[in-house]
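Before any comments, here is the structure.
Here is how names work: the chains are called A, B, and so on, in the same order as the sequence lines, proteins then strands, and each is numbered from 1. The figures that follow rest on heavy atoms only: side chains count, while hydrogens, waters and symmetry mates do not.
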Amino acid sequence: MNYYDILFYLFAIITLVSAGFVVTTRNVIYSAFFLLFTFFGVAGIYVLLAADFLAVVQIMVYVGGILILLLFGVMLTNKITNVDIRTGTSNLLPASIAIGLLMGALVSAMIYTGWKVQPASEIPDTSIKNLGALLITDYLLIFELLGILLLIALIGAASIARRDKE
Amino acid sequence: MYQYFYDLTGSVIISTLITAVFPLVNVLLVALIGVYLERKVSAWMQDRVGPNRTGPFGLFQTIADFLKMLQKEDATATDIDKKLYNIAPVLVFAGSFAVYAVIPFSSKLIGSEIEVGLFYALAVSSFVVAGILMAGWSSNNKYSLLGAMRSAAQIVSYEIPTALVVLAMVMFLGTLSLSKISEMQTAYFWNWNILGGAEFGLSKFLLIPFMLVGFIIIFISTLAEVNRTPFDIPEAESELVAGYFTEYCGMKWAMFMLSEYGNMFAVSAIVSILFFGGYQSPFGYLGNTLGINWLIPYEQAFWFILKGWFFIFVQMWLRWTLPRLRVDQLMTVCWKYLIPYAFVNLIIIGIITLL
């Protein structure tokens, strides 16, 4: 077992254990903070897969953006206004069927996809150059459409936030 | 540096540890000297004497404070959320220390030369935000919670102008690697990015004013990101006692202090790498003149730390010169002034780079 294996198992354990806690814990704030460690573990696994850019984006977007937004939402509703957020379970049967189907689909996709396997020595040092080239050649249309979608979302958010100022 | 110790010891773990210890020592020294300097600078600005009893010129004041802090009782309130309360200082410090993994102190003294270094440095600071929110929430205190909210809102907003200036610089330089950025601004001050970069030509002179604007924007926004005055509303004493670390004392409080000074040096280092040549000397190297090659990395480390300290001094200078902003003024400065200017700057630098 070399160092990379140990690191992989470390990150895998962090990801799985914290993800388990996110789902099972009763306290919403705890869930949100456990999500931090899940994102961190996933970023570590990206690094071990030589996807350096993706790993940093994972931290930047999920920890720096989404998680902070989540925490803001939970804290402002839970602590300041004293509204209890319900954390019980409901609709157990339909939920478990839907989750089972989704998991089956994911696992079968994982098994039957022809993953590209490369020896570690052939993987380039960084993925930024290739990613950037792909984004402005093969995936240019999708890239621009996503940009427009985000712009629409931004304008929508701004207009909703301004509405009550008659 | 890692490679050197790896060749010396032959062990991955030992060489990694040694490489990691150096920035830690640097952070501790920055905190130790920084606290002393802050007191002295504030004293000079307000025409006082400052600490002068412990040791010559009060030099040992911080050490005395540190010893006092070690002996303090770890008093905690009863209604706090114990687990999160204890994790928060560690998370904040880990976030601010993680930046040091990619900072090149000299051409040899660098933890990791990853290609996405600059982006990484921006990204890991989000752990600090999460830690601050954790500290504020777990303290179960309205001042802490308000301070944490303000701090997170401020850091998240000011990340945008920082990222825009960084984007402009990355467009101009064509790399995200901090060591490559430092390398490109070779050893004379007219090759620094603030003076248009190493390439001599028309674009160099066209770039100078826009580089200056970019530098001012990134300096202001990084100042806000480390919660220093005039942007210290998260810990505004007159309104919020001490902000998100109101309930902390002893060594846990010291962790917050340590990470604040660590952050100050880290943002100074990033500003100096982007605009002021990083570890490059402004006047060429003594080692080159005398023909002693091994001297050069030491000179580079000297210049790098000097530049870092210079910007820390500027931060202190501003702290004791300017009054604190209000919350609405803070957001106005960011969204209505810095971000539009940064966008215009981004476009202009892009066009000049294409020329």
remark   = One option among B/Val124, B/Val116, B/Leu176, B/Val128 has the most heavy-atom pairs under 4.5 Å with chain A, and it is B/Val116

Pick from B/Leu84, B/Val129, B/Leu122 with the largest number of heavy-atom pairs that fall under 4.5 Å of chain A = B/Leu84

inquiry  = Looking only at the aromatic ring of each residue, does the gap between the centers of B/Phe97 and B/Phe93 stay below 6.0 angstrom?
reply    = yes

Nearest non-hydrogen partners of [X] and [Y], listed with the distance:
X        : Y        : result
B/Gly117 : B/Val102 : O-CG2, 3.7 Å
B/Thr332 : B/Asp328 : OG1-O, 2.6 Å
A/Ser96  : A/Leu93  : OG-O, 2.9 Å

key: Any residue meeting salt bridge (charged side-chain N to carboxylate O under 4.0 Å, His left out) with B/Lys180, in chain and number order, not counting sequence neighbours   = B/Glu115

Residues of residues 45-57 of chain A within contact distance of chain B, non-hydrogen under 4.5 Å = A/Asp52, A/Phe53, A/Val56, A/Val57

query = By number, which residues in residues 35-42 of chain A have some heavy atom less than 4.5 Å away from chain B?
reply = A/Leu36, A/Phe40

query = Do we see a donor-acceptor contact under 3.5 Å between the side chains of B/Thr175 and B/Ser177?
reply = no

query = Can you find a pair of side-chain heavy atoms, one from B/Met255 and one from B/Val92, that are under 4.5 Å apart?
reply = no

query = With side chains defined as the heavy atoms from C-beta onward, is the minimum distance between A/Leu150 and A/Leu154 less than 4.5 Å?
reply = no

Can you tell me if [atom1] on [X] sees more than 12 non-hydrogen neighbours from other groups inside 6.0 Å?
X       : atom1 : value
A/Tyr62 : OH    : no
A/Tyr30 : OH    : yes
A/Phe72 : CZ    : yes

request  = Using non-hydrogen atoms and a 4.5 Å limit, figure out which bit of A/Ile59 sits close to chain B: side chain, backbone, both or neither.
outcome  = both

Working to the nearest 0.5 angstrom, can you tell me the gap between [X] [atom1] and [Y] [atom2]?
X        : Y        : atom1 : atom2 : value
A/Phe143 : A/Leu134 : CZ    : CG    : 12.0 Å
B/Met134 : B/Lys83  : CE    : NZ    : 12.0 Å
B/Glu225 : B/Ile220 : CD    : CD1   : 13.0 Å

ask   = Under 3.5 Å, is there a donor-acceptor pair between the side chain of B/Trp137 and the main chain of B/Ile132?
value = no

Side chain / backbone / both / neither for B/Ile155 at chain A, heavy atoms under 4.5 Å = neither

key: Toward chain A: residues of residues 156-172 of chain B with heavy atoms under 4.5 Å   = B/Val156, B/Glu159

